[in-house]
Amino acid sequence: MRYSKLFSPTLRDTPADAEVVSHQLLLRAGFIRRVTSGIYDYLPLGLRVLRNVERIVREEMNRAGGQELLMPMVQPSEFWQKSGRWEKYGPELLRFKDRHGHESCLGPTHEEVICDLMSRELRSYKQLPMNLYQVQNKFRDEIRPRFGLMRGREFVMKDAYSFHANDECLAAEYQNMFETYHRIFHRLGLKFRAVEADNGSIGGSASHEFHVLADSGEDLITHCSHCEYAANVEKAVSKPQTYQGSDSSLTEVDTPYQTAVEDVAALLKVATSSLLKTLIFHVDGGENDGQVVAACVRGSDQLQDIKLARALGATEVVLASAEEIASIGTITGFSGPMDLNCPVYIDASLHDAVGLIAGANKKGLHVSGLNIQRDLNNVIFADLRQTQAGDTCVKCNIGLMEMSRGIEVGHIFELGTTYSKPMDVLFQDEHGKRAVATMGCYGIGVSRLMAAVVEQCHDDAGITWPVNIAPFQASVITLGKSETAFAASEKVYQDLLQAGVDVVWDDRKESPGVKFKDAELIGIPLRIIVGDRGLDNDALELKTRWGAVEEASLADVCQKAQHMLADMQQG
RNA sequence: CGGGGCGUAGCGCAGCCUGGUAGCGCAUCUGGUUUGGGACCAGAGGGUCAGGUGUUCGAAUCACCUCGCCCCGACCA
């Protein structure tokens, strides 16, 4: 490719509304342009990177025994009604009617479609196991699209679905995918971590998320300093530090204006860990749908609402309204667990706690000396607190928990029969009986991965793509305007093309600074500089994006470049 | 959905408070000079000032409404 013909609109200034580096650099380097909220054009350079990421994903999926297919983006509502998700999915599912009034939606995921396909085609256990995948655009109408490709509404995803005759076979495929994902993210040169995850609304049993470690990540993950235990904070369990409260009698204390934990603690001159924090929630979904419940954790802990939702069998819990809070006999700012007209859930670590300070359910009053066992009855204990840095690991009992931010780029699930059963994915087993296929599903956010790579691979000058996904591996940069430099450049360019190197030739009539800056911004791993100075000494300069410089004669430069690229692939 | 901020040329911004018919840098185009780190000179093109309604002799500027975008919140009662 000649740079003079390349559609690569780079920007000198950072667009004001791009906040994270990946968004800024992908815009500045001319990889993407915004069309509307959460929806982007992939310009030629961006598409090249996207295709390279896809290529690696495909190679590894194929190697692992997957078969690629392609399903539609538009899906009929009937499928979703059959699986039960038409009601459950919520506003992220973009629904619409066609000209005949037929209800449809844009696919945010494809369990329904693949199950429909399999229900019609699967007959015998001899066809199993099977792993089918696609690389396709998904649409999710996110509440808050942000950070460019990181959280878009339309995005590219690799989604795979496996079908099995029994759970042992599913477990084996889950392990196979677990390893495949490790290979994929290794090949992309990423620092990442697989963590145990909550299954969320998708259902099923085992589940791992794959997180690229980055401070801009939207997820909090935690891992043990000693053993392999790592989990999303939505699910992580750990042992908190022990707190010794002193047993004393229940007393009311005046806290006229203090509602927040910190303020009450400051007023009474105690640590926040001496307080019991009571939050009132409204339950959505499940058998407790519509109920109001109270949930208590230690003042120094955070309530993990996903855990509460799980304990309640709910899809979601949301903070209760002022009316709901009043209806159970308490008041905002002074809530406590005593004498509430609703179920009370208490974090399991507080089972034997004594000497706590809690809201008195009256304005301006708290109580001190609260003893959980003595003063409360009919409460339900459950793991509700969020793991904190410094907690003890429950797996090895030695290490301490550490926290990191992560970008979720992959997620694998053992779904079981959550979808295959309602969607009638049946087959005849070896005994001639009808059985429900058991299922796994495995996703990778391909476009998000592209952003995640930039988050890890950049410097002040721009993007530093790993060689195997860079938009071009090498750039031949012509300096000056002499006939000899131009002719020599063209020869080097042609030789590299012949050798199969993905190369761009910067033949523009631009000053050297502009060419260097663009090559760095775009992140081309190897630059071959062809100017009169180098030609006069027959010593052309080869410069990597990471600053290493070597020289080669015009005759050797092509081979030298290939060697350097090969070295970079290894590193 | 709640709070805050913003919307003026492709990008970054000034002008608004105190109304008088739109400007700067970069980018773009033409001509010339320049070519080992975002060159220089001269000239040029490009704007429904987000949209609507109103106030006014006159609105980018003031008021009201709508739309769009960004940030924060929607767990510490």
Side-chain angles (χ1 to χ4, degrees), chain A residues 9-20 23-24 27-28 30 33-39 91 143-148 220 233-234 255 258-265 272-273 275-282 292 294-309 316-322 324-326 328 330-337 340 358-363 366 384-386 461-462 477-482 485-486 506 508-521 527 529-537 539-541 543 549:
Chain A
T10 56
L11 265 27
R12 272 195 201 195
D13 298 312
T14 302
D17 51 9
E19 208 203 350
V20 298
H23 190 196
Q24 294 173 348
L27 284 170
R28 276 192 61 206
R33 286 292 183 264
R34 195 186 76 102
V35 175
T36 183
S37 179
I39 298 179
I143 319 177
R144 199 176 156 197
R146 57 181 151 181
F147 302 156
L220 241 196
V233 93
E234 292 172 354
T255 50
Q258 289 71 20
T259 59
V261 165
E262 288 74 19
D263 298 340
V264 175
T272 54
S273 56
L275 270 70
L276 180 76
K277 171 158 73 177
T278 306
L279 283 65
I280 316 296
F281 287 96
H282 172 101
V292 176
C296 303
V297 294
R298 200 177 279 281
S300 51
D301 277 336
Q302 308 226 333
L303 182 95
Q304 176 53 57
D305 54 357
I306 306 264
K307 288 184 176 180
L308 178 62
E316 181 179 40
V317 290
V318 289
L319 282 180
S321 65
E324 288 171 322
I325 292 172
I328 58 159
T330 186
I331 176 170
T332 303
F334 305 96
S335 297
L340 288 179
N361 298 322
K362 292 176 210 158
K363 191 167 170 53
H366 277 69
L384 300 178
R385 69 182 286 277
Q386 181 168 305
I477 296 180
T478 306
L479 296 184
K481 54 176 184 179
S482 78
F486 197 80
D506 196 342
R508 292 176 299 170
K509 294 177 177 36
E510 289 286 355
S511 69
V514 171
K515 294 185 178 183
F516 289 134
K517 291 285 185 195
D518 275 340
E520 282 159 2
L521 178 60
R527 280 160 289 168
I529 297 145
V530 184
D532 289 332
R533 198 174 83 188
L535 288 168
D536 289 346
N537 307 320
L540 299 178
E541 200 174 290
K543 224 172 165 176
V549 184

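Chain letters run A, B, ... following the sequence lines, proteins first, then strands; residues in each count from 1.
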Asks: Could you give all pairs that pass the side-chain hydrogen bond (donor to acceptor under 3.5 Å, both in side chains) test and reach residues 294-303 of chain A, with sequence neighbours left out?
Replies: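 Matches after skipping sequence neighbours: A/D301-A/R385, A/D301-A/Q388.
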Asks: For nucleotides 22-32 of chain B, give me every protein contact, N/O to N/O, under 3.5 Å, one pair per line with atom names.
Replies:
from, atom 1, to, atom 2, distance (Å)
B/rG25, N2, A/D13, OD2, 3.2
B/rA27, OP1, A/R12, NH2, 3.1

Asks: Within this structure, what is the CG-to-C1' distance between A/L340 and B/rA77, rounded to whole angstrom?
Replies: 12 Å
Asks: List, with names and distances, any nitrogen or oxygen atoms from the protein found under 3.5 Å away from nitrogen or oxygen atoms belonging to nucleotides 40-47 of chain B.
Replies:
none

Asks: For A/E234, which residues count as a salt bridge (charged side-chain N to carboxylate O under 4.0 Å, His left out) partner, sequence neighbours excluded?
Replies: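 Here no residue qualifies.
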Asks: Using a 4.0 Å heavy-atom cut-off across all strands, classify A/R34 as base, sugar-phosphate, or nothing.
Replies: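 Result for A/R34 = sugar-phosphate.
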Asks: Checking contacts here: which listed nucleotide (B/rG36, B/rC69, B/rA74) is nearest the side-chain heavy atoms of A/L319?
Replies: B/rA74
Asks: Which base, if any, makes a Watson-Crick or G-U wobble pair with B/rA63, both distances under 3.5 Å?
Replies: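 Base partner found: B/rU53.
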Asks: Looking only at side-chain atoms of A/L279, point me to the closest of B/rC69, B/rC75, B/rC71.
Replies: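 Nearest nucleotide to the side chain: B/rC75.
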Asks: Regarding A/T14, tell me which of base, sugar-phosphate or nothing describes its non-hydrogen contacts under 4.0 Å with the strands shown.
Replies: sugar-phosphate
Asks: Taking any heavy-atom pair under 4.0 Å as a contact, classify A/E19: base, sugar-phosphate, or nothing.
Replies: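 The answer is sugar-phosphate, as A/E19 gets under 4.0 Å only of primed atoms, P, OP1 or OP2.
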Asks: Would A/V530 and A/L535 count as a side-chain contact (heavy atoms from CB on, under 4.5 Å) if you check the C-alpha gap in whole Å, the side-chain angles of each, and the deciding distance to 0.1 Å?
Replies: CA-CA 7 Å; A/V530 184; A/L535 288 168; 4.1 Å; yes
Asks: Within the modelled atom types, does a donor on one side and an acceptor on the other bring the side chain of A/E520 and the base of B/rG37 under 3.5 Å apart?
Replies: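 Yes, the side chain and the base share a sub-3.5 Å donor-acceptor pair.
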Asks: What nucleic acid atoms does A/F281 come within less than 4.0 Å of, heavy atoms only: base, sugar-phosphate, or nothing?
Replies: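 The answer is nothing, as A/F281 stays clear of every strand by at least 4.0 Å.
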Asks: Considering every strand shown, what is the Watson-Crick or G-U wobble mate of B/rC40 when both distances are under 3.5 Å?
Replies: B/rG32
Asks: Using the side chain to side chain contact (heavy atoms under 4.5 Å, CB included) rule, pick out the option among A/E520, A/E541, A/K515 that qualifies with A/R527.
Replies: A/E520
Asks: With the side chain of A/F147 defined as its heavy atoms from C-beta on, choose the nearest nucleotide among B/rG38, B/rC71, B/rC75.
Replies: B/rC71
Asks: Mind checking if A/K543 touches a base, just sugar-phosphate, or nothing, with heavy atoms under 4.0 Å?
Replies: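 Since a base atom lies under 4.0 Å of A/K543, the category is base.
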Asks: What is the separation between atom NZ on A/K517 and atom P on B/rG36, rounded to the nearest whole Å?
Replies: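 Atom-to-atom, A/K517 to B/rG36, this comes out as 16 Å.
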Asks: Regarding A/P512, tell me which of base, sugar-phosphate or nothing describes its non-hydrogen contacts under 4.0 Å with the strands shown.
Replies: base
Asks: Categorize A/Q258 for me: base, sugar-phosphate, or nothing, with a 4.0 angstrom heavy-atom threshold over every strand shown.
Replies: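 No contact.
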Asks: Please give, in whole Å, the distance from B/rC75 C1' to A/L276 CG?
Replies: 15 Å
Asks: Would you classify A/G359 as touching base, sugar-phosphate or nothing, given that sugar-phosphate means primed atoms plus P, OP1 and OP2, and contacts are heavy atoms under 4.0 Å?
Replies: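 It contacts nothing in the nucleic acid.
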Asks: Taking salt bridge (charged side-chain N to carboxylate O under 4.0 Å, His left out) as the test, write out the residues that go with A/K362, two or more places apart.
Replies: A/E252
Asks: Measuring from the side chain of A/T259 (C-beta onward, heavy atoms only), which nucleotide among B/rG36, B/rG37, B/rA77 has the closest atom?
Replies: B/rA77
Asks: Just jot down the salt bridge (charged side-chain N to carboxylate O under 4.0 Å, His left out) partners of A/D305, sequence neighbours excluded, or say none.
Replies: none
Asks: Given B/rC72, B/rC69, B/rG38, identify the nucleotide with an atom nearest to the side chain of A/S37.
Replies: B/rC69
Asks: Does the structure show a Watson-Crick or G-U wobble partner for B/rG46, both distances under 3.5 Å? Name it, or say none.
Replies: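 WC or wobble partner does not exist here.
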Asks: Checking A/R508 now: which residues fulfil side-chain hydrogen bond (donor to acceptor under 3.5 Å, both in side chains) with it, not counting sequence neighbours?
Replies: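 Scan of A/R508 (side-chain hydrogen bond (donor to acceptor under 3.5 Å, both in side chains), adjacent residues dropped) gives A/D506, A/D518.
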Asks: Test of understanding: with salt bridge (charged side-chain N to carboxylate O under 4.0 Å, His left out), list the residues that count as partners of A/R28, not counting sequence neighbours.
Replies: none
Asks: With the side chain of A/E541 defined as its heavy atoms from C-beta on, choose the nearest nucleotide among B/rG37, B/rG36, B/rC75.
Replies: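 When the side chain of A/E541 is considered, B/rG36 is the closest of B/rG37, B/rG36, B/rC75.
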Asks: Considering only B/rC69, B/rU34, B/rG38, which nucleotide approaches the side chain of A/D518 most closely?
Replies: B/rG38
Asks: Which residue, A/I325 or A/I529, contacts RNA chain B at a nucleotide closer to its 5' end, judged by nearest heavy atom?
Replies: A/I529
Asks: Counting Watson-Crick and G-U wobble pairs only, both distances under 3.5 Å, name the nucleotide matched with B/rA74, or none.
Replies: none
Asks: Using the test ring pair (Phe, Tyr, Trp, His ring centres under 6.0 Å), find all partners of A/F147 that sit at least two apart in sequence or belong to another chain.
Replies: none
Asks: Does B/rG10 have a Watson-Crick or wobble partner in any strand here, with both distances under 3.5 angstrom, and which is it?
Replies: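 When the pairing criteria are applied, B/rC26 turns out to be the nucleotide that pairs with B/rG10.
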Asks: Where the side chain of A/V514 is concerned, which of B/rG37, B/rA77, B/rA39 is the nearest nucleotide?
Replies: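 Ranking B/rG37, B/rA77, B/rA39 by closest atom to the A/V514 side chain puts B/rA39 first.
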